[in-house]
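What follows is a set of notes on a single structure, which appears directly below.
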Amino acid sequence: MAARYNHREVEPRQRARWDQAKLFEAGTPDPSRPKCYVLEMFPYPSGRIHIGHVRNYAMGDVIARRRRAAGDQVLHPMGWDAFGLPAENAARERGAHPGEWTRDNINTMRTQLQQLGFALDWTREFATCDPSYYRHQQSMFLDFLAAGLVYRKKSKVNWDPVENTVLANEQVVDGRGWRSGALVEQRYLEQWMFAITRFGQELVEALDELTGWPEKVRTMQSNWIGRSEGLKFSFDFDVATPSPVAGGLEVYTTRPDTLFGASFAAISVDHPIALALAEGHTDLAEFCADCRRAGTSEEAVETQEKRGFDTGLRVVHPFDASQTLPVWIANFVLMDYGTGAVFACPAHDQRDLDFARKYNLSVLPVVLPEGAEPEAMVITHTAYVGAGTIFNSGFLDGLTIDAAKAVAINKMEALGQGKRTVNFRLRDWGISRQRYWGSPIPIIHCQNCGPVGVPVEQLPVTLPEDVSFDRPGNPLDHHPSWKHVACPKCGTPALRETDTLDTFVDSSWYWARFCGQPENQPTDLEAVKHWLPVDHYIGGVEHAILHLLYSRFFARAMKSVGHQPYSEPFTRLFTQGMVTHATYKTQNGVWLSPSEVEERDGVWVDREFGQPVTIGAIEKMSKSKRNTVDPEEIIDTYGADVARLFVLSDSPPERDVEWSQSGVEGSWRFIQKVWAAYDALPEDAPGPLTTATVAQGPALELRRAGHKAVAAITAAIDSYRFNSAIAHIHELVGHIRRAETLEAPHMLEARAEVLGILARVMQPFTPHLSEEAWTRLGGDGFCAQAPWPHPDPALLIDTTLIMPVQVNGKKRGELVLEKGMPRDEIEALALKCPDAQPFLVGQNVAKVIVVPDRIINIVTG
RNA sequence: GGGGACGUGGCGAAAUAGGUAGACGCAGCGGACUUAAAAUCCGUUGGAGCGAUCCGUGCGGGUUCAAGUCCCGCCGUCCCUACCA
């Protein structure tokens, strides 16, 4: 009787062997082998791992193990994105110190990840909250400061009133904080900024080269950076209506070709001119205040009505001094894009048209669609934004749009009134956060010297341990002594910067620190040169903009100050789908986890109290909504291999999956079946690296199946089609099991060979089982170190093949043919194919299509 | 408003140079073993029909010997983005 495969005994034993042999340590750079850096986005230590983590890290592990077997020197590290708000929330809620809470979580999650048998180099583990990590982040901040990549600016910031902190633009979603969901307010604060726009051009251009990234992510980044080419120019004010501030009215436009269709100019409510006019002009001031309120809080900007206020000022048309345009304050003009002022051409811009119709402003079409008559070109309620020829436009008449843009810009430049300008939607990255649990910003503010960097030899600036969270705001600011220090320059009493760095900074360069961790430098230059860029970066698509853009910026910034040599950090990016689950809420609005609810008589109730619960949306597993599923039960009941295999089995990895445990038993049964196949092999069978010598018969067929499976599985893994790879593994196991009962020459050899192959191709998915099987087969060393099997090309080609015979495109029969048979012979056989005969009698055969090795189609008529 | 993805059995899904639609798995059904059950194994499972056969990849057209795949036009779902001048 076959022995059951006992994961409880096997898995810890095999993991101990790997650990003892230090199998997954990357080691020092070995120039004799190709390197492969496989990285999954490191986790935030929120408490315990959930199924989503298992899926993410199982994918990376498949790639890492496959590359190692292929002969690459693999770096596959793990660490912790350990700073962040939840730790402070935990501190406020239950009085635990954020550091302690974080450390506990890390310990728990590390144990869980280790139980899953991931081939990780744990010697390189670090957490971003380690002073030995953020120390270097602080020194790089100072490097960037010296290089002009960091600056300080009083700026309008997005203030999250619930979290009491500033948010980056990227962290504001629909006017709400990305985490709290609270309506964001506008405040003015002194902020440290990273000059990410310095690299705007590069960041968008280099996207074309990132062919290993999904098109979708590249498009999203490109849209976010939002490069546009246009003209910046200045209107002179009409002498009759002088501006309250010096200079002309500067505007930015991408449509200088439509300048002759200008009907008015519009400025933002926050434009300096508007602010100046608001002094002593109550109506106007009230209008602006009103717009600001609606402006930032309205989700449905689309439905928001266009509103304006005529300033009474007029500006002179730059190409026609006899013409002046009114200047309006308009709620649809954004102060922080372009110059905060626009000229409006209602005929060819829908927003401008809506505004013009509402306030009875002129509408003059200047672009004529091809074939249209100038008199027939009437704009009513829809602006014309298509192609055409310029008319009604003086010296631009008759030109195409593109030509007219060029001519208009040249003319403006010749007049000295404007300049060709590239504009970006991307803004600089505000990195100051009024938070405790983050990396301190290494700056001391001195009354005499201004902001002074903390001398490098005094780094790290560490967080004080004795902080209290009993009142809102920043505990660093409340701390009695921490911020009081002497100025490093002049020695007079000064104040430490109490803001900490946005935690996105922490995750923007951790990939470089994994390469090597020198004590006195952020990076080991030899090591980063060898290991970077990351070859396979795997993580959620939700980071398509924020994290990935920041990391691309950091790569460039670090390159410019000499900390690593590459512009792009990630060669290949794979965005895996999310694991989702329904959410549950009690009548009182408390979130419940899936394990706390159950279905009773068709109604979902709280397991403990029996109260009905509301089933909410199906969402990404997250701790805040409590819809996580802990893999522990599955690991305990079925084993780590089953958990790994199951999460990769059915769905394509890039697709979201709604979690369901149904089917996990199938994976468990499969593993038992695989073990039975090894167990069925006699003890005296040859080893796993056998090549069976067999010319024909069932043993040859088994070898063919094995080698074809290797080809298919390898191709599937290498293109991230893990679900397909597993399907092919299933098929191969089917072949092996069916062959067990066959008596044929060389069968034992063939079985040993194919079982040896099976262990190695399953190793990335089910490493413990494979290792045990390897030992069972009498293999030397570790399966995890065995070379990836290479299919024998001769076995991939069938000597006979089954070709379907179609009549008029419908399959009517099959022929078994020798490979490479001449076309006319195939044709003759096809016409005699018995199953096809009923469809051919009395028919005239018009032609016979023979696609070699694929299909035959007999066409009648 | 802009951009993108997708639509195939009861379910998750295969089919990535146009070439046997539904691989592989889940669930189901039938059977074997068992006093019985579990476990395991075998068979079966797109729909209609006793059958030969017919119909089937969201809908309507088209190209082709041949379309899930290519083209045109719809419908639907989801994601991202959003007054960016």
Side-chain angles (χ1 to χ4, degrees), chain A residues 2 4 173-175 214-217 219-220 222-224 226-228 230-231 251-255 258 266 268 295 298-306 330-334 336-345 349-352 354-355 423-427 541-542 544-545 577-578 646 649-652 654-658 660-667 669-670 672-673 676 712 715-716 719 721 723-734 737 802-814 838 846-861:
Chain A
R4 268 286 162 88
V173 179
D174 284 341
E215 193 60 47
K216 180 185 173 185
V217 175
T219 305
M220 284 166 76
S222 172
N223 290 342
W224 188 265
R227 182 184 190 275
S228 70
L231 167 70
V251 300
Y252 172 75
T253 180
T254 55
R255 291 299 301 271
T258 63
S268 161
E298 271 300 317
E299 285 179 45
V301 172
E302 192 184 349
T303 58
Q304 191 174 317
E305 209 186 336
K306 302 275 175 291
N331 65 340
F332 67 86
V333 180
L334 307 174
D336 50 6
Y337 183 77
T339 60
V342 298
F343 88 82
C345 175
D349 182 291
Q350 191 60 45
R351 276 172 324 199
D352 297 348
D354 294 345
F355 193 87
N423 203 29
F424 293 94
R425 214 189 76 123
L426 182 71
R427 322 271 151 85
V541 73
E542 66 273 21
I545 296 173
M578 301 179 298
F646 179 60
S649 276
D650 279 351
S651 292
E654 69 280 5
R655 206 171 295 179
D656 290 352
V657 288
E658 194 187 337
S660 156
Q661 195 162 325
S662 104
V664 71
E665 287 196 25
S667 293
R669 273 198 299 269
F670 177 66
Q672 293 298 336
K673 187 168 157 183
S719 52
R721 286 165 17 241
N723 55 327
S724 289
I726 292 168
H728 289 295
I729 290 171
H730 275 274
E731 279 181 295
L732 177 58
V733 171
R737 297 242 67 188
I802 297 165
M803 278 177 79
V805 178
Q806 295 183 329
V807 178
N808 294 324
K810 288 193 175 168
K811 187 194 164 190
R812 297 303 184 185
E814 282 178 353
K847 59 176 161 175
V848 179
I849 312 253
V850 177
V851 184
D853 302 348
R854 295 218 104 134
I855 204 163
I856 302 157
N857 191 11
I858 301 167
V859 185
T860 67

inquiry  = Assess, by modelled atom type and distance only, whether the side chains of Y337(A) and S268(A) contain a donor and an acceptor separated by less than 3.5 Å.
reply    = no
inquiry  = What I'd like to find out is whether the side chain of T253(A) reaches to under 4.5 Å of the side chain of F343(A), using heavy atoms alone.
reply    = yes
ask   = Which whole number of Å gives the distance between the C1' atom of G56(B) and that of A67(B)?
value = 14 Å
ask   = Where does G30(B) land, syn or anti, given syn is within 90° of 0?
value = anti
request  = Would you mind classifying the nucleic acid contact of R227(A) as base, sugar-phosphate or nothing, using non-hydrogen atoms under 4.0 angstrom?
outcome  = nothing
remark   = In RNA chain B, consecutive runs of at least three Watson-Crick or G-U pairs below 3.5 Å, as range with range, amount to B:1-7 with B:75-81, B:10-12 with B:24-26, B:28-32 with B:40-44, B:46-48 with B:53-55, B:58-62 with B:70-74
message = Between C26(B) and C42(B), how many Å separate the two P atoms, rounded to a whole number?
response = 13 Å
inquiry  = Each nucleotide in nucleotides 2-12 of chain B should get exactly one letter: B, S or -. Can you fill that in based on protein heavy atoms under 4.0 Å?
reply    = -S--------B
Detail all sub-3.5 Å separations between protein N/O atoms and N/O atoms belonging to nucleotides 38-46 of chain B.
residue	atom	partner	partner atom	Å
A39(B)	O2'	R4(A)	NH2	3.1

key: Distance, rounded to the nearest Å, where I729(A) contributes CD1 and A23(B) contributes P   = 18 Å
key: Rounded distance in Å between the C1' positions of G76(B) and G60(B)   = 15 Å
query = Under 4.0 angstrom, heavy atoms only, what part of the nucleic acid is V859(A) near: base, sugar-phosphate, or nothing?
reply = sugar-phosphate
key: Toward the 5' end of RNA chain B, by each residue's nearest nucleotide, F332(A) or H728(A)   = H728(A)
With a cut-off of 3.5 Å and sequence neighbours excluded, list every side-chain donor-acceptor pair involving residues 727-734 of chain A.
none

key: N/O (side chain, Y252(A)) to phosphate O (OP1/OP2, A85(B)) under 4.0 Å   = no
task = Could you tell me whether D349(A) and R255(A) make a salt bridge, using a distance below 4.0 angstrom between a side-chain N and a carboxylate O?
result = no
ask   = Side chains of E814(A) and M803(A): closer than 4.5 Å at any heavy-atom pair?
value = no
message = Counting only side-chain heavy atoms from C-beta out, which of C80(B), C84(B), C24(B) sits nearest to M220(A)?
response = C80(B)
request  = Provide the closest heavy-atom pair for V217(A) versus V541(A) in the form atom of the first, atom of the second, distance.
outcome  = CG2-CG2, 4.4 Å
ask   = With sugar-phosphate meaning primed atoms plus P, OP1 and OP2, does G338(A) contact a base, only sugar-phosphate, or nothing at under 4.0 Å between heavy atoms?
value = nothing
inquiry  = Can you confirm whether R721(A) sits close enough to N723(A) that some side-chain heavy atom of one is under 4.5 Å from a side-chain heavy atom of the other?
reply    = yes
Side-chain polar contacts of residues 849-861 of chain A - donor-acceptor pairs under 3.5 angstrom, sequence neighbours left out - could you list them?
residue	atom	partner	partner atom	Å
D853(A)	OD2	K819(A)	NZ	2.6
N857(A)	OD1	N808(A)	N	3.4
N857(A)	OD1	G809(A)	N	3.0
T860(A)	OG1	N808(A)	ND2	3.0

message = Please check if the number of heavy atoms outside E542(A) that lie under 6.0 Å from its CD is greater than 12.
response = yes
note = All heavy atoms of G663(A) vs all of F646(A), minimum pair found to be C-CE1, 3.4 Å
inquiry  = Could you tell me how far C71(B) sits from C78(B) if I compare only their P atoms? Round to whole Å.
reply    = 25 Å
key: P spacing across the pair U69(B) / U57(B), given as an integer number of angstrom   = 9 Å
query = Could you walk me through whether F424(A) and S228(A) pass the side-chain contact (heavy atoms from CB on, under 4.5 Å) check?
reply = CA-CA 6 Å; F424(A) 293 94; S228(A) 70; over 6 Å; no
task = Search all heavy atoms of Y252(A) against all heavy atoms of T339(A) and return the closest pair with its distance.
result = N-OG1, 3.6 Å
ask   = On a whole-Å scale, what distance lies between the C1' atoms belonging to G58(B) and C75(B)?
value = 7 Å
request  = Name the residue closer to the 5' end of RNA chain B, choosing between K810(A) and V333(A) according to the nucleotide with the nearest heavy atom.
outcome  = K810(A)
task = Round to the nearest Å and state the distance from H730(A) atom NE2 to A14(B) atom P.
result = 14 Å
inquiry  = Rounded to whole Å, how long is the line connecting atom CZ of F670(A) with atom P of C24(B)?
reply    = 12 Å
ask   = Just how far, in rounded Å, is C1' of G1(B) from CG of D354(A)?
value = 11 Å
note = Heavy atoms of S724(A) and A716(A) approach each other most closely as CB-CB, 4.1 Å
request  = Could you check R812(A) against V805(A) for side-chain contact (heavy atoms from CB on, under 4.5 Å), going step by step and ending with a plain yes or no?
outcome  = CA-CA 6 Å; R812(A) 297 303 184 185; V805(A) 178; 5.7 Å; no
Which protein N or O atoms sit under 3.5 Å from an N or O of nucleotides 16-20 of chain B?
residue	atom	partner	partner atom	Å
U16(B)	O4	R721(A)	NE	3.0
U20(B)	O2	K811(A)	NZ	2.8

key: Pairwise P distance for A39(B) and U53(B), with rounding to whole Å   = 40 Å
request  = Grab the two heavy atoms, one from A544(A) and one from M220(A), that are nearest each other, plus how far apart they are.
outcome  = CB-CE, 3.7 Å
query = What interatomic distance, in whole Å, is found between P of U8(B) and the corresponding atom of G68(B)?
reply = 15 Å
inquiry  = Taking 4.0 Å as the cut-off, does a side-chain nitrogen or oxygen of N723(A) come that near to OP1 or OP2 on A14(B)?
reply    = yes
